[in-house]
2 protein chains.
Amino acid sequence: MVSEGLLFAYLRYMLSKKTKYGLKALTYLASQQGNTPVQISGIAKHENISQKFLESILLSLRKTGFLGSKKGKGGGYYLIKDPKEILMTDVMRVLEGPIAMVPCVSLNFYEKCDDCPDEASCSVHRLMLEVRDSALEVYRSRTLADLIF
Amino acid sequence: MVSEGLLFAYLRYMLSKKTKYGLKALTYLASQQGNTPVQISGIAKHENISQKFLESILLSLRKTGFLGSKKGKGGGYYLIKDPKEILMTDVMRVLEGPIAMVPCVSLNFYEKCDDCPDEASCSVHRLMLEVRDSALEVYRSRTLADLIF
DNA sequence: TGTTTATCCTACTAAATAGATAGGATAATA
DNA sequence: TATTATCCTATCTATTTAGTAGGATAAACA
């Protein structure tokens, strides 16, 4: 064990760079007028993101139906849907994975905890259920359009 | 990159085992009548936790002022405060670290994001501020006493 | 005083993951 | 056919998580 919470420098933050960069890229695309393709290089430069890393993120957003792409000159990525129609719940689940902090309270990725004999009497289960609901409330009430400044 | 969110088996859950086990142990201690010391081995067996791992967790909970301990025969760990006085915010910060998902919205562990020139105009910043507040609302309104079944 | 008991503490380890990077294949445009 | 930009697979390194090993310390008790 190294991390000790308060005592050491390292801190465990929960949002991955992948999600962070993905959200920034989506917001940037949403802020562009029209749906003309935007090149990876432009997004990467504007948002301070490693281009190669961003490449893989945009690719996964295309495969999951958020973005369209066009190859060759004048190509790039563009939003497929209206930003108002893109819920944060869906974006977060694709980029970050489950919204729940433990598998046993996940709506979309439910799994029984192997160490826990009874969910109903598990204190962690009940607390994390509340945390999940509070996060869901935020993600469900926000769309990509809300992220544009 | 391996994880692809929807496509692969691995899922990124956010609660560490350390926090999970720590919460279970605290709840178990809170459910005991009186403040007689409880041995690590007993907690580990009852909660299905590796004894050695739990040892390090309880140690850190003692060092951060949540638990007292007694060595030798009849020894063990015990709660120092009334479960009603132990806020989940404090427990979570000690076990898991920051409640915020990004350093730039953390109340207790604030740090500027190195890749972001301006927080006010950052879409991730604003979204994560809301998520942090919603989580804080849960943790602030719950004490260890609420976790006992 | 010596034995038992249980916490205390340091060090180590294996496996997984995050966050990239490299380099070429593919397709669209001009 | 040359250029451009996405597509795709493979690889890499540092860090973290979760857990183990083994002994030092201190308290109880005979």
Side-chain angles (χ1 to χ4, degrees), chain A residues 1-5 7-22 25 29 36-45 48-64 67-78 95-97 102 113-115, chain B residues 1-5 7-22 24-25 29 36-45 48-64 67-78 95-97 101-102 113-115:
Chain A
M1 284 305 294
V2 175
S3 95
E4 203 70 357
L7 306 174
F8 289 81
Y10 169 72
L11 296 174
R12 177 188 160 90
Y13 287 104
M14 299 188 288
L15 200 77
S16 66
K17 300 264 184 193
K18 180 185 176 186
T19 303
K20 191 182 185 184
Y21 296 161
L29 287 174
T36 47
V38 181
Q39 293 169 32
I40 297 175
S41 61
I43 307 174
K45 209 166 286 175
N48 260 312
I49 306 171
S50 143
Q51 181 170 337
K52 273 295 193 180
F53 191 24
L54 182 59
E55 211 177 296
S56 72
I57 297 167
L58 295 181
L59 204 57
S60 87
L61 285 171
R62 196 215 60 186
K63 287 180 177 170
T64 47
L67 299 179
S69 67
K70 204 184 154 190
K71 285 184 177 179
K73 186 159 194 179
Y77 284 97
Y78 52 90
L95 288 173
E96 188 76 1
V102 277
C113 292
D114 44 344
D115 59 305
Chain B
M1 287 304 295
V2 174
S3 94
E4 203 69 358
L7 306 174
F8 289 79
Y10 168 74
L11 295 175
R12 177 186 160 91
Y13 287 104
M14 299 188 287
L15 201 77
S16 66
K17 299 264 183 191
K18 180 185 176 187
T19 302
K20 190 181 184 183
Y21 296 162
K24 285 190 171 197
L29 287 173
T36 47
V38 182
Q39 293 168 33
I40 297 173
S41 61
I43 307 174
K45 209 166 286 177
N48 259 313
I49 305 171
S50 143
Q51 181 170 336
K52 273 294 191 181
F53 190 25
L54 182 59
E55 212 177 297
S56 72
I57 297 168
L58 295 180
L59 204 58
S60 87
L61 285 171
R62 196 215 61 187
K63 286 179 177 172
T64 47
L67 298 179
S69 67
K70 204 183 154 191
K71 285 184 178 179
K73 186 158 193 179
Y77 284 97
Y78 53 90
L95 288 173
E96 188 76 1
M101 295 182 80
V102 278
C113 293
D114 45 344
D115 59 306

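Numbered from 1 within each chain, the chains take letters A, B, ... in sequence-line order.
Minimum heavy-atom separation, A/Gly75 to A/Pro37: C-CB, 3.6 Å. Summarising the geometry of B/Ser60 relative to B/Lys18, their closest heavy-atom pair is OG-CE, 4.2 Å, with the distance given to 0.1 Å.
For A/Thr19, the side-chain contact (heavy atoms from CB on, under 4.5 Å) test picks out A/Leu15, A/Ser16, A/Leu23, A/Met92, A/Leu95, A/Glu96, with sequence neighbours left out. Scored by the side-chain contact (heavy atoms from CB on, under 4.5 Å) test, A/Lys17 finds A/Tyr21, A/Phe53, B/Asp114 as partners (sequence neighbours excluded). When the salt bridge (Lys or Arg N to Asp or Glu O under 4.0 Å) test is applied to B/Lys73, no partner is found at least two apart in sequence or on another chain. When the side chain to side chain donor-acceptor pair (under 3.5 Å) test is applied to B/Asp115, the partners found at least two apart in sequence or on another chain are A/Lys20. B/Lys52 pairs by the salt bridge (Lys or Arg N to Asp or Glu O under 4.0 Å) definition with B/Glu55, not counting sequence neighbours.
For A/Tyr78 and D/dA5, the OH to P distance is 16 Å, given to the nearest whole Å. Per the geometry, CG belonging to B/Leu54 stands 13 Å off C1' belonging to D/dA18, to the nearest Å. The interatomic distance linking A/Glu55 (CD) with C/dG23 (C1') rounds to 11 Å, in whole Å. In this structure, the CD atom of B/Glu96 is 14 Å from the P atom of D/dT16, given to the nearest Å. Following rounding to the nearest Å, B/Met14 (CE) and D/dT16 (C1') show an atom-to-atom distance of 17 Å. Put simply, CG on B/Leu95 is 13 Å from P on D/dT17, counting in whole angstrom units. Between the P atom of D/dG19 and the NZ atom of B/Lys17 lies a distance of 6 Å, rounded to the nearest Å. Atom CZ in A/Arg62 sits roughly 12 Å away from atom C1' in C/dT26 (whole-Å rounding).
The side chain of A/Tyr21 contributes no N or O atom lying less than 4.0 Å from OP1 or OP2 of C/dG19. For C/dT21, the OP1/OP2 oxygens have a side-chain nitrogen or oxygen of A/Ser50 closer than 4.0 Å. Proximity of B/Ser41 to the phosphate of C/dA6: no side-chain N or O atom is located under 4.0 Å from OP1 or OP2.
Residue-level contact check: B/Leu58 touches neither bases nor backbone, having no heavy atom under 4.0 Å from any strand.
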Please write out each protein N/O paired with an N/O of nucleotides 27-30 of chain C under 3.5 Å, distance rounded to 0.1 Å.
residue : atom : partner : partner atom : Å
C/dA27  : O4'  : A/Lys71 : NZ           : 3.2
C/dT29  : OP1  : A/Lys70 : NZ           : 3.1

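The A/Gln39 side chain lies nearest to D/dA5 when the options are C/dA20, D/dA5, C/dT7. Between C/dG19, D/dC8, D/dA18, one nucleotide has an atom nearer to the side chain of B/Ser16 than all others, and that is D/dA18.
With hydrogens and angles ignored, a donor-acceptor pair closer than 3.5 Å exists between the side chain of A/Lys52 and the base of C/dG23.
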